[in-house]
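Residue numbers start from 1 in every chain, and the chains themselves are labelled A, B, ... in the order their sequence lines are given, proteins ahead of strands. None of these values were measured; they are calculated from a predicted model.
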Amino acid sequence: MLDLKLIRDAEAEVRAALARRGVPADLDAVLGTDQRRRRLVTEVETLKRQRNAASEEIGKLKKSGEDTAAKQAAVKALGGQIAALDEELQRADQELQALLLTIPNLPHKSVSDGKGAKDNLIVRSYGQTRRFGFKPKTHLELVERLGILDFERAARLAGAGFPLFVGLGAALERALIQFMLDLHVKQHGYTEVSPPFVVNSAAMTGTGQLPKMAADMYYLAGDDLYLIPTAEVPVTNIYREEIIQRPLPIYLTAYSPCFRREAGAAGRETRGLIRVHQFDKVELVKFVEPETSYAELESLVANAEDVLQRLGLTYRVLALCAADLSFAAAKCYDIELWAPGQEAWLEVSSCSNFESFQARRAGIRYRTKAGKVDYVHTLNGSGVALARLMVAILENGQTADGAVELPEALAPYLGGVRRLQPDQNAKL
RNA sequence: GGAAGGGUGGCUGAGUGGCCGAUAGCGCCGGUCUUGAAAACCGGAGCGCCGCAAGGCGCCGGGGGUUCGAAUCCCUCCCCUUCCGCCA
C-alpha cells in the first residue's frame with residue numbers, strides 16, 4: 001500500500017512512477033474519496049467535541065442536583081446526527097482502503113523502463129552452459145529412467161501438477177531443503193522458522209496476495225483460510241500489527257511447501273516439474289531499516305546465489321524492468337538456472353525489496369533511533385525454489401548412460417550418495 | 001467438540017458508568033552523581049487520524065448495542081489458559 005500522504009503531496013511523481021509499470025491505477029478515485037473522507041472527519045469531530053463538552057457539563061450539573069432532562073434530550077439529538085455521519089465516514093474509509101489496496105508499489109528509480117519480460121536486464125552470469133558429447137535429455141526423460149518421480153500415481157491423488165517423489169527422489173528433495181537451511185542459518189545469519197502452511201485473509205492482504213491474486217490460491221472455505229503460495233506470507237506476517245521491539249535487521253528463513261493454482265496457466269509447461277501446483281521452497285525474509293534496504297537486497301541476492309554456486313550450477317541474474325515487477329515489489333532480481341535438457345533458463349528465485357509497501361498493509365513498524373515510529377522495509381527472496389532446482393541438477397549432471405552425477409555439497413545430506421543410476425531406485 | 005476462567009500501554013498488573021489514555025512495578029529515554037559504569041535520585045515517554053497551527057477526535061482483543069456519557073453494562077465473534085472428550 002502506498003502512503004496516502006505521498007499520493008496527495010507528490011501526485012505527479014506518483015502518477016509518473018505508476019505509469020512505468022504500464023498498468024492503469026485509479027488515483028483519481030483515491031484522491032476524490034480521500035477528500036470526501038477528510039471533509040466528513042472534520043464535520044463529525046466537531047459534533048463529537050460538542051457532545052463531549054455537553055456530557056461533561058451534564059455530569060457536573062447532576063452532581064449538584066440540578067435537572068438536566070432538557071440538556072440530555074438535546075445531546076441525544078446530536079447523537080443521532082453523529083451516528084449518521086459516522087456511518088457515512090465508515091463507508092468512505094472502507095472505499096478508500098479498498099482503492100488503496102489495488103494500487104501497486106512504485107518502481108524504484110534504479111529500475112529500468114521496459115514493456116515486459118523481454119526488457120529485463122541480465123546483470124551477471126555465473127558458470128558455463130555445459131556442452132555435452134550427446135544430446136542431453138530433459139528431466140522428464142531422466143526421472144522416468146531413474147524412477148525417482150511417479151507422475152501417473154501422483155495424478156491419482158490430486159490431479160496433475162502434484163509431484164510424487166520416490167526413493168532417492170524424495171531423499172534428494174529433503175537433502176536440498178536441509179542443505180539450504182543449514183547454509184542460510186550457519187553461513188548467512190538467518191534464524192530458521194517453521195510457520196503455518198495456511199493463513200487467514202488478513203495475512204494474505206498484508207503481503208499483497210489479496211485482493212488481486214485470489215483466483216491463484218487454494219482456499220479452504222470451511223475455515224476461511226488459504227494454503228500459502230510461498231512462505232513469504234506467514235513469515236512476513238509474523239510481525240503484523242506490531243511495533244518491533246528487537247533491533248533491526250531481522251533475517252528469517254523458512255522451508256515450506258508452496259501451493260499455487262496457476263489458474264489460466266493450463267497447457268503451458270504443464271508437463272514435468274517446471275510448473276506445478278505444489279513445490280517446496282526455502283524462503284529468505286528480511287525486516288530492515290529503510291536506509292539500508294537496497295544494500296540488504298544485494299546481500300539477499302548474494303545469499304540465494306551462494307546456494308547455486310555451492311551446487312556448481314550455471315545461472316544468471318536479471319534485474320526486472322518496471323513493467324515486469326510484481327504488484328508489491330519496488331525492485332526485483334530474478335535468478336535463473338540453465339537447464340540444458342530444456343534448453344531454457346528456469347526462474348528459481350525472485351528477490352524483492354518491497355520497501356514499506358507490505359509493512360504499511362500489514363502494520364509492521366519499528367522505532368527509529370530518534371524514537372519515532374516508522375514502517376520497516378521488508379524484503380524476501382527464494383533461497384531457492386526446489387522443483388526447478390531439481391530439474392537443473394538432473395539435466396546438468398546427466399551422463400551419456402542416463403545417470404546423474406550429484407553435486408558434491410549434497411553428499412553429506414544423502415548418506416554419501418553421489419550418483420543416481422537408471423533402474424536402481426526403490427520401486428513403488 | 002463441551003465446560004470454566006481470561007484478553008488493558010514493550011512486559012507484569014490495577015481499574016467495574018462521569019477530568020481514565022488509563023494507578024503501580026519492571027523495562028526504555030534524558031539528566032544529576034561517577035574517571036567510566038552500576039546503584040540512587042530527578043525528569044520524560046502510548047498509537048492512529050483531522051488541522052498551517054492552536055487544538056480536537058478516536059483507540060483498553062474485533063464488531064454491534066444500551067446511555068447525555070462506556071475500559072467499565074448488554075449481545076456477538078475471535079483468541080489465550082485450565083479441565084473433559086477425541087487424536088498424530
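Under the salt bridge (Lys or Arg N to Asp or Glu O under 4.0 Å) criterion, A:R38 pairs with A:D34, sequence neighbours left out. Annotation: salt bridge (Lys or Arg N to Asp or Glu O under 4.0 Å) contacts of A:K48 (sequence neighbours excluded): A:D86. Take A:E95 and apply the salt bridge (Lys or Arg N to Asp or Glu O under 4.0 Å) test, not counting sequence neighbours, and it matches A:R36. By the ring pair (Phe, Tyr, Trp, His ring centres under 6.0 Å) test, A:F162 pairs with A:H277, sequence neighbours left out. For A:E298, the side-chain contact (heavy atoms from CB on, under 4.5 Å) test picks out A:Y333, with sequence neighbours left out. Considering only residues two or more places apart in sequence or on other chains, A:K372 meets the side-chain contact (heavy atoms from CB on, under 4.5 Å) condition with A:T368.
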Would you sort out whether A:D216 and A:R260 count as a salt bridge (Lys or Arg N to Asp or Glu O under 4.0 Å), showing the intermediate values?
CA-CA 6 Å; A:D216 285 305; A:R260 302 187 179 181; over 6 Å; no

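Contact annotation: A:R37 reaches the phosphate of B:C50 (side-chain N/O to OP1 or OP2, under 4.0 Å). Listed pair A:R8 / B:C50 meets the phosphate criterion, a side-chain N or O lying under 4.0 Å from OP1 or OP2. Neither OP1 nor OP2 of B:G46 sits under 4.0 Å from any side-chain N or O of A:R367.
Taking only side-chain atoms of A:R365, from C-beta outward, the nucleotide of B:C49, B:G48, B:C57 with the closest atom is B:G48.
If you take atom C1' in B:G62 and the same atom in B:C41, they sit 44 Å apart, rounded to whole Å. Remark: the separation of the C1' atoms in B:G10 and B:G46 is 10 Å, to the nearest Å. Nucleotides B:C33 and B:C42 place their C1' atoms 11 Å apart, quoted to the nearest Å.
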With a 3.5 Å cut-off and sequence neighbours excluded, list the donor-acceptor pairs that the side chains of residues 188-204 of chain A form with protein atoms.
from	atom 1	to	atom 2	distance (Å)
A:H188	ND1	A:H184	ND1	3.0
A:H188	NE2	A:D306	OD2	2.8
A:Y190	OH	A:N303	OD1	2.7
A:N200	OD1	A:A202	N	3.3
A:N200	OD1	A:A203	N	3.0

Donor-acceptor pairs under 3.5 Å, side chain of residues 418-428 of chain A to any protein atom, not counting sequence neighbours: which ones?
from	atom 1	to	atom 2	distance (Å)
A:R419	NH1	A:E405	OE2	2.6
A:N425	OD1	A:L168	N	3.0
A:N425	ND2	A:G147	O	2.8
A:N425	ND2	A:V166	O	3.0
A:K427	NZ	A:N425	O	3.4

In dot-bracket form, how is RNA chain B paired, counting a Watson-Crick or G-U wobble pair only if both its distances are under 3.5 Å and using | for bases paired to another strand?
((((((((.[[[..)..(.....]]].(((((.......))))).(((((....))))).[[[[[..)....]]]]])))))))....

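Within the structure, salt bridge (charged side-chain N to carboxylate O under 4.0 Å, His left out) pairs that include any residue of residues 140-150 of chain A comprise A:D150-A:R153 (at least two apart or interchain).
Atom CG of A:L225 is separated from atom C1' of B:C78 by 13 Å (rounded to the nearest Å). If you measure from atom CG of A:D224 to atom C1' of B:G62, you get 14 Å, rounded to the nearest angstrom.
Each of A:T46 and A:Q245 has a nearest nucleotide on RNA chain B; the 5'-most of these lies closest to A:Q245.
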In B/S/- notation, 5' to 3', how is nucleotides 66-75 of chain B contacted by protein heavy atoms closer than 4.0 Å?
--BS------

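Annotation: proximity of residues 85-103 of chain A to RNA chain B (heavy atom, distance under 4.0 Å) is found for A:Q90, numbered in ascending order.
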